[in-house]
Trainee: 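Structure below; questions to follow.
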Amino acid sequence: MADPAVVRVLVASRNAKKLKELRRVLESAGVEGIELVGLNEVPEFPETPETGATFEENALVKARDGAAATGLPCVADDSGLEVDALNAMPGVLSARWAGSHGDDAANTALVLAQLSDTPDGRRGAAFVSACALVVPGGVERVVRGTWPGSIARAPRGDGGFGYDPVFVPEGDDRSAAELTPEEKDAASHRGRALAQLVPDIAALVS
Ligand SMILES: O=P(O)(O)OP(=O)(O)OP(=O)(O)OC[C@H]1O[C@@H](n2cnc3c(O)ncnc32)[C@H](O)[C@@H]1O
Ligand SMILES: [Mg+2]
C-alpha cells in the first residue's frame with residue numbers, strides 16, 4: 001500500500017537525460033513528504049504534440065496531459081536554445097532542429113554550421129526552460145529560467161545532453177557538457193526555473 005502521508009508527483013519527460021536532471025533538481029531541493037514518479041512508473045498515455053509558439057504553452061500542455069492521465073500533480077519542462085545570430089532560433093524547435101526529434105549530434109552540427117561565419121563577439125545564446133506545475137483541480141503555474149552564454153566553435157565534453165557540448169555559460173570557459181551535474185544544476189535554466197516551483201511543490205504536503 002502506498003503511504004498516504006506521501007504525495008506522489010509525476011515528473012513528465014520522454015527525454016531520459018532531461019528527466020534525470022528534473023528529478024535530481026527536485027530531489028536536491030529536499031522537499032519532505034514527496035515521492036517523485038517518472039513516466040515509466042505510470043501507464044502510458046496519449047500526449048498532445050508540442051506545437052505551441054512558446055516554451056510556456058508547451059510546458060503547460062505536457063503538465064496538463066500528465067496530470068489528467070494520472071490524477072497526480074505533474075511537473076513538466078519545455079526548453080531550448082535561443083541563438084542571437086539566428087533570431088532566437090532554434091527556440092521551441094530545438095529538439096527537432098535538424099529534422100528528426102532528439103538527434104542531439106545532428107542538431108548541434110546544424111547550429112555550428114549556421115554560425116560558421118559568425119565572429120566570436122556575436123555568438124551569444126541562452127538556454128531557456130519553462131517549467132509547469134499542474135495539480136488536478138488546483139494550481140496551474142508556469143515559470144521560466146534562463147542561462148546566458150555563447151556558442152563555441154566545436155563540441156567539447158560528454159556530460160549533460162542536447163546542445164551542452166557547444167554552449168559555454170557566461171563567466172566560464174568550459175562548455176556545459178564539461179560541468180559536473182551539480183555545477184550545471186546550480187546555474188542552468190532548468191535549475192533556475194524549478195527552484196521557483198519548490199514552494200508550490202512543498203505546499204502540496206499538508
Ligand atoms: O518534451 P520532453 O519529453 O521533456 O523531451 P524533449 O527532448 O522533447 O524536450 P523539449 O521538447 O523541451 O525540447 C528541448 C530540447 O532543447 C534542448 N535542450 C533543452 N535543455 C537543454 C539542456 O539543459 N542542455 C542541452 N540542450 C538542451 C535539447 O535539444 C532538447 O531536446
Ligand atoms: Mg519534447
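In listed order, ligands and their atoms are each counted from 1.
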Trainee: State whether Asp77 and Lys62 are salt-bridged, where the test is any N-O pair (Lys NZ or Arg NE/NH1/NH2 against Asp/Glu carboxylate O) under 4.0 Å.
Mentor: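 No, no charged N to carboxylate O under 4.0 Å.
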
Trainee: Give a yes or no on this: more than 12 heavy atoms of other residues, nucleotides or ligands lie within 6.0 Å of atom CG of Asp158.
Mentor: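 Open.
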
Trainee: Mind checking whether Phe167 and Phe127 have parallel, tilted or perpendicular rings, split at 30° and 60°?
Mentor: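 Phe167 vs Phe127 ring planes: tilted.
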
Trainee: By number and element, which atoms of ligand 1 are closer than 4.0 Å to a non-hydrogen atom of Ser13?
Mentor: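 Every atom of ligand 1 under 4.0 Å from some heavy atom of Ser13: 2 (P), 3 (O), 4 (O), 5 (O).
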
Trainee: Can you tell me if Asn58 uses its side chain to pair, donor with acceptor, with the backbone of Gly52 under 3.5 Å?
Mentor: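 Present.
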
Trainee: Can you pull out the closest protein heavy atom to atom 1 (O) of ligand 1? Residue, atom name and distance to 0.1 Å, please.
Mentor: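 Answer, as residue, atom name and distance: Lys62 NZ, 2.6 Å.
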
Trainee: Distance under 4.0 Å to a non-hydrogen atom of His189: what atoms of ligand 1 satisfy this?
Mentor: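 Those of ligand 1 that fall under 4.0 Å from His189 are 20 (N), 21 (C), 22 (C), 23 (O).
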
Trainee: Taking Leu110 as the starting point, is it possible to reach Ile151 by hopping between hydrophobic residues whose side chains are less than 4.5 Å apart?
Mentor: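 Same cluster.
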
Trainee: Of the side chain and backbone of Phe161, name the one, both, or neither that has a heavy atom under 4.0 Å from an atom of ligand 1.
Mentor: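 Both of them.
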
Trainee: To check your reading of the model: name the closest protein heavy atom to atom 20 (N) of ligand 1, its residue, and the distance in Å.
Mentor: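 Going atom by atom, the protein heavy atom closest to atom 20 (N) of ligand 1 ends up being Arg190 NH2, 2.8 Å.
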
Trainee: Any idea which protein heavy atom is nearest atom 3 (O) of ligand 1, and the distance to it?
Mentor: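 That would be Arg14 N, 2.7 Å.
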
Trainee: Which ligand 1 atoms, with their elements, are less than 4.0 angstrom from a heavy-atom of Lys184?
Mentor: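 Taking each heavy atom of Lys184 in turn, ligand 1 has 22 (C), 23 (O), 24 (N) under 4.0 Å.
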
Trainee: Considering the heavy atoms of Lys18, write down every atom of ligand 1 situated less than 4.0 Å from one of them.
Mentor: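 Close to Lys18: 1 (O), 2 (P), 4 (O), 5 (O), 9 (O), 10 (P), 12 (O).
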
Trainee: Looking at Tyr163, which atoms of ligand 1 are within less than 4.0 Å of one of its heavy atoms?
Mentor: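 Counting from 1, the qualifying ligand atoms are 17 (C), 25 (C), 26 (N), 29 (O).
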
Trainee: As an exercise, identify every atom of ligand 1 less than 4.0 angstrom from a heavy atom of Asp78.
Mentor: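 Those qualifying, in numeric order: 10 (P), 11 (O), 12 (O).
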
Trainee: Give me the nearest non-hydrogen protein atom to atom 8 (O) of ligand 1 as residue plus atom name, then the distance to 0.1 Å.
Mentor: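 Looking only at protein heavy atoms, the one closest to atom 8 (O) of ligand 1 is His101 NE2, 3.0 Å.
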
Trainee: Who's the nearest protein heavy-atom neighbour of atom 19 (C) of ligand 1, and how far?
Mentor: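 Nearest neighbour among protein heavy atoms for atom 19 (C) of ligand 1, to 0.1 Å: Ser79 OG, 3.1 Å.
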
Trainee: Using a plain distance cutoff, I'd like to know if Asp164 has any nitrogen or oxygen under 3.5 Å from a nitrogen or oxygen of ligand 1.
Mentor: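 There is such a contact, yes.
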
Trainee: Compare every heavy atom of Gly80 with every heavy atom of Ser94, then report the nearest pair and how far apart it is.
Mentor: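 For Ser94 versus Gly80, the nearest heavy atoms are OG-CA, 3.3 Å.
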
Trainee: Can you see which heavy atom on Val134 is nearest to which on Ala63, and at what distance?
Mentor: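 Taking every non-hydrogen atom into account, CG2-CB, 3.6 Å.
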
Trainee: Give the numbers and elements of all ligand 1 atoms closer than 4.0 Å to a heavy atom of Glu50.
Mentor: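 Within the 4.0 Å cut-off of Glu50, ligand 1 contributes 1 (O), 11 (O).
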
Trainee: Would the distance check show the side chain of Asp104 and the main-chain N or O of Phe161 forming a donor-acceptor pair, the cut-off being under 3.5 Å?
Mentor: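 The answer is no, because no donor-acceptor pair under 3.5 Å joins these two groups.
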
Trainee: Test Phe45 against Leu39 for side-chain contact (heavy atoms from CB on, under 4.5 Å), laying out the working first.
Mentor: CA-CA 9 Å; Phe45 55 85; Leu39 281 174; 3.7 Å; yes

Trainee: Tell me the nearest of Ala95, Ala12, Gly80 to atom 31 (O) of ligand 1, using heavy-atom distances.
Mentor: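 Heavy atom nearest to atom 31 (O) of ligand 1 belongs to Ala95.
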
Trainee: Would you say the side-chain atoms of Arg192 pair up with the backbone N or O of Thr146, donor to acceptor, closer than 3.5 Å?
Mentor: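 Yes: the side chain of Arg192 pairs with the backbone of Thr146.
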
Trainee: Who's the nearest protein heavy-atom neighbour of atom 7 (O) of ligand 1, and how far?
Mentor: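 Looking at atom 7 (O) of ligand 1, the protein heavy atom closest to it is Asn15 ND2, 2.9 Å.
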
Trainee: Side chains of Leu112 and Pro155: closer than 4.5 Å at any heavy-atom pair?
Mentor: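 They are in side-chain contact.
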
Trainee: Taking just the N, O or S atoms of Glu50, which one is nearest to the Mg ion (ligand 2)?
Mentor: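 Among the N, O or S atoms of Glu50, the one closest to the Mg ion (ligand 2) is OE1.
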
